[in-house]
Structures are given as C-alpha cells and as structure tokens.
Number of protein chains: 2
Amino acid sequence: MAEEELELDRRDWIAGLEKGLRIIEAFNDAHPRLTPSTAARRTGITRTAARRYLLTLQHLGYVDSDGTHFWLTPRILRLGWSYFDSAKVPRAVQPFLQRISIELGGSAFFAVLDEDEVVFVARNGVGRVQSLGFVLGARIAANLASAGIVLLACKPPEEVERWLTGRKFIPYTPHSYTSVEDVRAVIDKARTNGYSILEQQLEQDRRGIAVPVRTRAGVVVGSISVSLPIGNETSQQALTRALPVLREAEHALLSLL
Amino acid sequence: MAEEELELDRRDWIAGLEKGLRIIEAFNDAHPRLTPSTAARRTGITRTAARRYLLTLQHLGYVDSDGTHFWLTPRILRLGWSYFDSAKVPRAVQPFLQRISIELGGSAFFAVLDEDEVVFVARNGVGRVQSLGFVLGARIAANLASAGIVLLACKPPEEVERWLTGRKFIPYTPHSYTSVEDVRAVIDKARTNGYSILEQQLEQDRRGIAVPVRTRAGVVVGSISVSLPIGNETSQQALTRALPVLREAEHALLSLL
DNA sequence: GCTTATAGCGCGATAATCGCGCACCCAACA
DNA sequence: TGTTGGGTGCGCGATTATCGCGCTATAAGC
C-alpha cells in the first residue's frame with residue numbers, strides 16, 4: 001500500500017499515461033482554460049508534446065477547445081465515477097451515515113487519506129441547505145478535519161513524525177493550529193483516545209468528531225465523522241452524545257467489511 | 001463541440017493516454033478489482049500491455065494492488081476534481097439551486113449532456129435524507145430525466161432523430177417510455193414548450209421539471225431542473241408553481257455567463 | 001511598426017511501447 | 001497423481017509511436 005517507490009521497471013512504465021494525467025490535473029480553479037503553452041509550463045512537458053496530449057484528450061471527448069484554449073468537459077467525471085462505482089466501502093457506509101446525520105443533526109462523512117490530504121468519499125447531510133461546494137471527492141489538508149487527524153493517529157508514530165516535519169499549516173480560522181507541536185499534540189491525543197475531536201479548524205462554530213473504521217483484521221479502511229454546530233454545547237456534551245452513535249456505526253460496519 | 005471526428009493526425013495521437021484511460025474506465029460495479037488478464041479482456045488491450053498500464057497507474061497512486069488484483073484508489077477523484085475546480089458554471093449556479101430547492105421543496109440540479117447521457121454536475125437537495133447514491137457526476141440515459149429531455153430538445157431535430165434511431169430504452173418504472181415514438185413526442189413537446197416535464201420515468205411518484213440555460217449568445221450550456229414528489233399535485237399545479245422559479249433562476253444566471 | 005509570445009507543423013532521430021513466447025504456478029478434476 | 005486450463009512475470013527483438021528542434025505565420029502590446 002505504500003512501497004511501490006522503487007519497483008519501477010522502466011520497461012513497465014508508460015510515460016504517455018503519466019503525462020496525460022498530469023495534463024488533466026493541470027486544470028484547476030486558477031487555470032480553468034489552458035493553451036498548449038500554459039499547459040506545458042504547468043506540467044513541465046514541452047509545448048509540442050502538451051499540444052498533442054490536449055488534442056488526444058479532445059478527440060476522446062475529455063476536453064473541449066475553441067482552437068487555442070482547452071477546457072475540461074464533464075466526461076472527465078466518468079473517471080471518478082469508475083471509482084465510486086467500484087469502491088464498495090463508500091456504498092456500504094451510506095445507510096450508516098444517514099442514521100448518524102439524522103440522529104445527531106449534522107453532516108456525516110466517510111473519509112480516507114490520500115497522501116497529505118483527507119478525501120471525503122461518502123457523505124450524508126441534514127438540514128435544508130447543503131454546505132456550498134462540498135462535493136464528494138473533496139479533499140483538504142489532513143490536519144484540518146477530525147477525520148484526517150484520526151486517520152493520521154492510526155499510522156505508525158514515526159510515519160506521522162515524518163509527515164509533520166517541516167510542514168507548513170495555513171490557518172483557515174483564527175483558531176486553526178499552525179505549529180507542528182499543536183498538531184502533533186492533537187494527533188497524539190487522538191491516538192490515546194481512539195477518536196478525534198477538532199473545533200473551528202476549518203470553519204467557525206463547527207466541530208468535528210471522528211472515529212476510525214477497521215476491518216476485522218484490524219486494517220484501517222477509513223473514518224466516520226460528523227460535523228456539528230458548536231452553539232452552546234460543550235465539547236464534553238458533544239462527545240457524550242456523538243461518540244456512542246459513531247461507535248455503534250463502526251461496530252455495525254465490521255460485519256460488512 | 002462535436003466535430004472533432006475526422007481531424008486526427010496520427011502524429012498528434014498519444015495511444016498510451018487513450019489506453020490508460022480505457023483501463024481506468026474498465027473498473028466498475030461489476031468489476032471492482034481487475035487482474036491484468038481481465039483488464040485486457042475488458043479493454044481489448046493485450047495482457048502484457050494492460051499489466052504495464054496497471055503498474056504505471058499503481059506507481060502513480062491511482063490504483064492499488066495486492067500483487068495480482070488491482071483496484072482504484074480515491075486518488076482517481078483528483079481528476080474529476082480538476083473539472084469541478086475549473087468549471088465555473090457549476091459553481092455559479094449553486095446559490096440558485098439552493099433557492100430553488102428551498103422554495104419548491106425538492107432537489108434542484110444543474111445538468112449537461114455527454115453523448116447519450118445526462119450528467120448532473122451540481123445539485124442542492126432539501127429534506128433530511130439524501131437520496132442514496134446520488135452523487136455529483138452521476139449520469140443516466142438522457143431520456144430518463146427532464147433535464148436530459150430538455151437538453152435534447154435544444155439540439156437540431158435531425159441530430160435528435162439520429163440519436164433516436166435504433167435506440168433501445170430500458171424501463172425503470174412501469175411508466176417509463178420504451179418506444180422511440182413516445183420519447184420523440186416528449187422531446188418535441190419540450191421543444192415547443194421551452195421546458196420539459198417528465199413523470200415517473202426513473203422513480204415512482206417523482207416528477208421532474210427542467211428548463212434550458214443559455215448564454216446571452218444563445219448557446220445552451222446546460223439545464224436547471226427540479227425533482228418533486230408527485231403526491232396529490234397535478235402536473236398543471238406543479239408547473240404553475242415551479243416554472244416561474246426556474247425561469248427566474250435562468251434569467252438571473254444570464255448575467256453571470 | 002517594432003517587440004514579444006504564441007500557434008501549427010514537418011522532420012529526422014531515438015527511445016519508448018508492443019506482443020510473442022517461454023517458464024512457472026495454482027486449482028480443478030479425472 | 002497426472003493432466004488440463006487459466007493465470008502470472010519476464011526477456012527480447014522489431015517497429016512505430018513519441019519526442020523536441022526549428023521554421024514560419026499570426027496576434028497582441030507599447
């Protein structure tokens with residue numbers, strides 16, 4: 001799951017695929033439309049090559065173009081769809097998230113780690129309004145969500161230490177932790193507790209509570225978390241009412257994994 | 001937007017990229033884990049090559065493997081994310097969808113066409129429970145949703161006719177249209193009306209109402225739709241209360257596109 | 001009207017991708 | 001236990017697909 005680093009037989013390496021995916025990921029908020037030149041600069045590929053990749057993607061329908069500028073089409077979503085379609089855990093977990101969000105009156109998530117980030121792969125919200133921009137597949141720095149902290153806490157401490165060293169934390173709220181010490185303390189606390197609670201790290205007046213989800217064999221497959229408005233509730237009160245519900249879902253899930 | 005068919009200079013065609021994407025899309029519900037052999041069979045690539053692509057994807061972190069079987073990782077979602085990140089329209093419509101869903105008491109969608117399918121790229125639901133499995137990027141046959149019908153109705157009739165000919169429609173409910181004539185009639189009606197209403201095609205006791213969204217220049221960029229429980233409401237009643245709200249959003253959007 | 005930066009394209013070189021064919025392994029079954 | 005069938009990993013030689021240089025044309029900015 002982690003050690004594919006060295007075993008690249010340059011025979012088994014398809015350069016074109018890697019470059020193409022890099023081109024796709026070069027599109028983002030700040031660069032919604034790319035020309036061959038800009039794409040080349042953003043990916044380190046030569047301009048001529050970048051153009052060929054864009055043309056190929058266009059021919060496949062993944063990007064569209066007005067001749068000089070290229071942009072992604074919704075066809076791209078088919079790729080992510082392949083994941084949702086094939087990953088059984090996110091689907092198995094849905095009914096549990098639903099129960100959690102109704103019972104606790106917040107949004108419930110199932111999340112996994114991907115490198116430095118926590119990715120939310122299933123979600124069930126409650127209330128009239130969807131929090132804007134929160135779509136499946138959303139990812140944020142792992143230290144900003146309880147789900148990320150608890151997943152980090154499940155990793156071997158030395159790996160966490162490696163993760164922490166030299167990392168910069170950009171604050172999202174006035175309460176966001178910005179020092180390595182603070183984040184390490186939160187992770188350590190989560191490790192001893194077996195759950196994680198995080199307050200106002202990403203958003204004001206919101207707290208998150210998360211527990212890890214393991215298979216029978218003890219392998220961590222992700223985390224279940226809930227995001228609650230803080231209001232007048234103390235951390236202790238929130239924990240007392242939320243933890244049992246999360247734990248129950250965790251145990252019920254065991255039989256499905 | 002449609003005529004990239006013939007202009008493939010085999011010089012500008014990266015075969016490796018196309019094959020790699022085909023490998024990714026070979027994963028789905030029925031085939032969540034693939035071996036080199038099964039991947040090869042599903043894609044038409046040779047086994048040796050398929051293996052190389054899988055190994056490359058593994059090295060990039062997009063798939064994981066236990067040695068023989070391969071499966072997608074959430075990293076794949078970064079690709080779809082590039083789209084959501086870069087596509088401005090889905091984000092621009094969010095607040096409007098929110099208002100629609102609150103005012104009408106249903107789920108509001110923004111959707112676009114991709115070949116035969118309608119893809120839901122933005123959504124805002126109301127109510128305690130999320131309709132299960134409805135995630136962004138979801139796609140269904142265009143004829144099954146009002147959003148798809150209205151988008152088809154915006155295409156030139158001869159193109160629609162080409163789309164219709166020889167198509168098989170699989171019913172999802174006892175009310176689903178299954179004949180070319182029925183579907184053509186629905187599309188024609190949508191074209192003359194400028195909106196589309198569809199009842200119980202995908203789900204019992206649900207109706208959808210959709211209007212197209214155009215830029216000032218008149219180019220159709222997608223559709224706004226709402227899904228409502230039927231209950232005791234007649235089609236006419238639903239239209240009278242829903243259409244003005246949808247139209248209002250449509251016009252408000254004009255200034256943003 | 002000069003400068004700067006981009007686009008598209010042709011070409012020759014080469015390195016990357018191909019798929020055959022072999023050896024091996026495991027599971028089912030006679 | 002031996003045989004069959006399907007799977008895997010790997011090495012190799014052939015070839016062709018991919019590369020990026022360098023050219024000209026064009027569009028934008030001062």
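Chain letters run A, B, ... following the sequence lines, proteins first, then strands; residues in each count from 1.
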Subject >> Range-with-range stems for DNA chain D, at least three Watson-Crick or G-U pairs under 3.5 Å >> reply: C:2-16 with D:15-29, C:18-30 with D:1-13

Subject >> Gap between atom OH of A:Tyr195 and atom CD1 of A:Ile149 - 0.5 Å precision >> reply: 14.0 Å

**OP:** Kindly compute the distance separating NE2 (B:His59) from CG (B:Leu55), expressed to the nearest 0.5 Å.
**Re:** 10.5 Å

How long is the line joining [atom1] of [X] and [atom2] of [N], in whole Å?
X       : N      : atom1 : atom2 : value
B:Phe70 : D:dG7  : CZ    : P     : 15 Å
B:His69 : D:dG9  : NE2   : P     : 11 Å
B:Ile23 : C:dC18 : CD1   : C1'   : 14 Å
A:Asp12 : C:dA16 : CG    : C1'   : 12 Å
B:Arg51 : C:dG21 : CZ    : C1'   : 15 Å

Original post:
Which residues satisfy the side-chain contact (heavy atoms from CB on, under 4.5 Å) test with B:Thr73, sequence neighbours excluded?
Top reply: B:Asp64, B:Arg75

Original post:
Going by heavy atoms in the side chains, are A:Arg139 and A:Phe120 under 4.5 Å from each other?
Top reply: no

Inspect the contact between [Y] and [X] and indicate whether a charged nitrogen and a carboxylate oxygen are less than 4.0 angstrom apart.
X       : Y        : result
A:Arg99 : A:Glu248 : yes
A:Arg22 : A:Glu18  : yes
A:Lys88 : B:Asp29  : no

Subject >> Nearest heavy-atom neighbours spanning A:Leu79 and B:Ile76 >> reply: O-CG2, 3.3 Å

**OP:** Establish, with yes or no, whether the OP1 or OP2 oxygen of D:dG6 is under 4.0 angstrom from a side-chain nitrogen or oxygen of B:Arg41.
**Re:** no

**OP:** Could you encode protein contacts along nucleotides 16-22 of chain D as a string, one character per nucleotide from 5' to 3', using B for base contact, S for sugar-phosphate-only contact and - for no contact, with a heavy-atom cut-off of under 4.0 Å?
**Re:** -SBBBBB

